[in-house]
Amino acid sequence: MNPNIAVHRLLAASPLLVALLVVALLAGAGVSEAWEALVGGLVTLGVLAPPILVGMVAGAMAASRVLVAGPSLAGCGLRVAGVIDGALPAVVPAVLLFALGADGLVGAWLAFLAPAIVHGLRSGSGAIDSAGGFLAAIGRGGALRSIATRHAVPLAVVRAVEDSTPLIGVSAAVVAAVEMLMAVPGAGALCIGAAQKGDSATVAAGISALVAVVAVLDAVTAGVAARWLPRGGGA
Amino acid sequence: MTPVSHAVLRFAARPGAVAGLVVLGLLAFGNLLPLEEMPRALATAVAAVPATLSTAFAAAAVGTVLGVGWGGLAIFSGGVEIVRRLGGLPLLLIAALVPGLIGAGANVLVAAVGLAVAPTVAVPANAALRAVVKRDFVVTARASGFTERAILVRVILPNAAGPLIAAGWQALAPALIGVILAEIVVADGVSWGGLLMGSAGVNAAASSLAAALLLCVALAALMGVARGLAAAGRVEGER
């Protein structure tokens, strides 16, 4: 990871965070609400980061291996992933898992895993497609497995991690719904619970915590991309 | 052949887009389907969909108007950078929480979600308008003595209509998620969001699964139509 890029992203998000914290204070948030929101934010980070990273890396690795190996039945799977990516919000697997009796942190992880794998498959295959010439050039005369392992997989994985930022930012609403369903005490569930009670101070503090979570994840993924994404390779 | 017929043909050439439109039509008028012949859980979910979908359509329409205006103004002021800065803010979540917080009704929800999805429209609308503004026929119209207002109304907007509709359609999926989350906050047992959370009194788990399935179907249909509109709305001469 490039620490300079990550720090720069965090600093860029800091005025927004400060503004939100001022709003929270003006709305009457005290130390207890701020503490609750901070803990909720950490829980949300714990809910989001593992399944998104594992799912997207797994999806991207699968996509790169399938594409480098050439057209096959699995290639059709990639096309299907492209079609359903975005049509499978985590709340859908969450409902299914809840009906099967899963809840809590593990239930939330499993709920986010499926959309993350689908997004990783799509993002990874897109990265490999756009870098086709680059991969062909470096792979001339090499074994397919070697090309996949040494070049295509890292490329797809890093692009998938970089692409995860909008996935995280846009789906804060979905995160809140999943946390509510799975009874996970994250910042999203805190916001919904507080809104149901009309407690605007806690809502403002919870939103600040969610913004902080997104800023941290954004900084990490930008740093990863800046360090490992190849430049000038058409990717 | 007129540009409109070309656009319709390009849309119809995509089976996913046409199927998506049919599915959305069925979902929007779900109350007219023979619900008593369906399994009870599915019928409950299908009956809840039209109200949520119509609210989402209204919110997306508000978002489209605001987003297109924003995208148009940003041609002169560079306001698209603000959209990127707003990207880190959970706007949809905030919009969904507002009606619950202040105890307001559907109109406030439509306005709040519309405001939240406007940035989604502003960026592609800005790109579409910029692409048309640079075209030769706009320069020709200006050289022919058309006023700026006439150029906007009679030249730019008609030629950018396709991409602008496609941009507006992109607001529908987030608007739907926002409206459903607002229903979750209100915890109303008969709404789509309420069913997802298992708030339906009888047969809650099955109704919840049916609501989740319909959400997947609706989002896939919206995306299918979005791809069709993107293909149909491509400006002539663009690749």
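Just so we're clear, the structure is a prediction, and the values are computed from it rather than from any experiment. Below, read A as the first sequence line, B as the second, and so on, with proteins coming before strands; counting in each chain starts at 1.
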[X] versus chain B, the contacting section by heavy-atom distance below 4.5 Å:
| X | result |
| --- | --- |
| A:Val95 | both |
| A:Val92 | both |
| A:Ala99 | side chain |

- Grab the two heavy atoms, one from B:Ile177 and one from A:Ala173, that are nearest each other, plus how far apart they are. CG2-CB, 4.1 Å
- Which heavy-atom pair separates A:Ala195 from B:Val185 by the least distance, and what is that distance?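 Residues A:Ala195 and B:Val185, closest heavy atoms: CB-CG1, 4.0 Å.
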- Within a reach of under 6.0 Å around CG of B:Asn31, are more than 12 heavy atoms found that belong to other residues, nucleotides or ligands? yes
- Task: Can you tell which part of B:Leu209 gets under 4.5 Å to a heavy atom of chain A, answering side chain, backbone, both or neither?
- Result: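 For B:Leu209, heavy atoms of backbone and side chain both lie under 4.5 Å from chain A.
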- Query: Which bit of B:Ala220 comes within less than 4.5 Å of chain A, counting heavy atoms only: side chain, backbone, both or neither?
  - Reply: both
Distance check, rounded to the nearest 0.5 Å: [X] atom [atom1] versus [Y] atom [atom2]?
| X | Y | atom1 | atom2 | value |
| --- | --- | --- | --- | --- |
| A:Gln196 | B:Leu97 | CD | CG | 9.5 Å |
| B:Ile184 | A:Leu181 | CD1 | CG | 8.0 Å |
| A:Ile207 | B:Ile94 | CD1 | CD1 | 4.0 Å |

- Task: Could you go through the side chain to side chain contact (heavy atoms under 4.5 Å, CB included) check for B:Leu101 and A:Asp199 one step at a time?
- Result: CA-CA 7 Å; B:Leu101 264 180; A:Asp199 180 359; 5.9 Å; no
- Task: Could you tell me which residues in residues 45-55 of chain B have at least one non-hydrogen atom under 4.5 Å from a non-hydrogen atom of chain A, sorted by residue number?
- Result: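 Checking residues 45-55 of chain B against chain A gives no residue, so none.
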